[in-house]
There are 2 protein chains.
Amino acid sequence: MPDRDLPPYRRIADDLRAAIATAKLAPGEKLKSENELKDLYGTTRVTVRKALALLKADGLLISEQGRGVFVRQ
Amino acid sequence: MPDRDLPPYRRIADDLRAAIATAKLAPGEKLKSENELKDLYGTTRVTVRKALALLKADGLLISEQGRGVFVRQ
DNA sequence: AACCATTTGTTCGTATGTATG
DNA sequence: GCATACATACGAACAAATGGT
């Protein structure tokens with residue numbers, strides 16, 4: 001419920017953070033592409049990237065140009 | 001507020017659409033490559049692909065990896 | 001077979017403009 | 001003014017399919 005007022009990029013970030021914490025997204029695993037995430041969350045790529053940026057800043061994710069975004073091992 | 005100036009990808013799409021409508025691009029014909037179109041329109045491949053995507057969504061074009069983009073017959 | 005050039009497909013990186021609250 | 005969000009555009013790297021040498 002507290003989640004309801006979070007802006008989309010925060011909600012997406014929390015969602016991914018939880019997936020990583022519970023190992024639904026395992027270390028080394030490649031995330032869905034930004035475009036897929038955009039569709040999944042019903043938002044735009046910019047917003048998805050904003051969410052990913054939070055997790056990258058936390059060191060939870062690593063992105064590689066032309067390859068994808070990965071869960072840090 | 002009228003969208004007098006269309007964004008490049010829209011302008012390119014309209015241009016190709018007109019060429020198809022007037023059969024300057026005939027059914028089954030292969031378009032110039034994305035790299036050629038990019039140079040012709042003075043833009044980038046990404047923008048060209050965005051224009052092509054519109055026409056593919058409309059069923060006017062069909063693309064085949066390694067071969068090219070074709071006017072639907 | 002092995003190699004290579006061409007072409008489309010996919011993906012992340014970055015920047016600007018516009019709009020809203 | 002600021003944070004958020006969307007639209008557009010350009011840049012870059014790599015993958016995959018094709019066709020020819």
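All chains are named by letter (A, B, ...) in the order of the sequence lines, taking the proteins before the strands, and each is independently numbered beginning at 1. Please read all numbers here as calculations on a predicted model, not as lab measurements.
In the 5' to 3' direction, nucleotides of DNA chain C lying under 4.0 Å from heavy atoms of chain A begin and end at dT11(C) to dT14(C).
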Side-chain donor/acceptor pairs under 3.5 Å, residues 49-62 of chain B, sequence neighbours excluded:
{"unit_1": "R49(B)", "atom_1": "NH1", "unit_2": "E34(B)", "atom_2": "OE1", "d": "3.4"}
{"unit_1": "R49(B)", "atom_1": "NH1", "unit_2": "E34(B)", "atom_2": "OE2", "d": "2.8"}
{"unit_1": "K56(B)", "atom_1": "NZ", "unit_2": "S63(B)", "atom_2": "OG", "d": "3.2"}
{"unit_1": "D58(B)", "atom_1": "OD2", "unit_2": "R17(B)", "atom_2": "NH1", "d": "2.5"}

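Toward the 5′ end of DNA chain C lies the nearest nucleotide of R49(B), the other residue of the pair S33(A) and R49(B) mapping further downstream.
Scanning for side chain to side chain donor-acceptor pair (under 3.5 Å) contacts around D15(B) gives Y41(B), with sequence neighbours left out. Residues forming a side chain to side chain contact (heavy atoms under 4.5 Å, CB included) with P7(B) (at least two apart in sequence, or on another chain): Y9(B), R10(B). Residues that satisfy the side chain to side chain contact (heavy atoms under 4.5 Å, CB included) test with N35(B), not counting sequence neighbours, are S33(B), K38(B), R45(B). With sequence neighbours excluded, no residue satisfies side chain to side chain contact (heavy atoms under 4.5 Å, CB included) with A18(B). By the side chain to side chain contact (heavy atoms under 4.5 Å, CB included) test, E64(B) pairs with R67(B), F70(B), sequence neighbours left out.
Remark: T47(B) is in phosphate contact with dC10(D), judged by side-chain N or O atoms under 4.0 Å from OP1 or OP2.
L16(A) CG to L31(A) CG: the interatomic distance, rounded to the nearest 0.5 Å, is 6.0 Å.
One hydrophobic cluster, built from ILVMFWY side chains closer than 4.5 Å, cannot hold both L6(B) and I12(B); they sit in different ones. Put simply, V46(A) and V48(A) are part of two different groups of oily side chains (I, L, V, M, F, W, Y) that touch within less than 4.5 Å, one to the next.
Remark: P of dC6(D) and CD of E34(A) are 14 Å apart, rounded to the nearest angstrom.
Screening residues 21-32 of chain B for salt bridge (Lys or Arg N to Asp or Glu O under 4.0 Å) gives no qualifying pairs among residues at least two apart or on separate chains.
Against DNA chain C, the stretch residues 38-46 of chain B makes heavy-atom approaches under 4.0 Å through R45(B). Of the residues in residues 11-20 of chain B, not one places a heavy atom less than 4.0 Å from an atom of DNA chain C. For DNA chain C, the neighbouring residues in residues 60-73 of chain B, judged by any heavy atom under 4.0 Å, are S63(B), E64(B), Q65(B), G66(B), G68(B), V69(B).
Heavy atoms of K30(B) sit nowhere under 4.0 angstrom from any nucleic acid atom.
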Between N or O atoms, less than 3.5 Å apart, protein on one side and nucleotides 2-4 of chain D on the other: list the pairs.
{"unit_1": "dT4(D)", "atom_1": "OP1", "unit_2": "Y9(A)", "atom_2": "OH", "d": "2.7"}
{"unit_1": "dT4(D)", "atom_1": "OP2", "unit_2": "Y9(A)", "atom_2": "OH", "d": "3.3"}

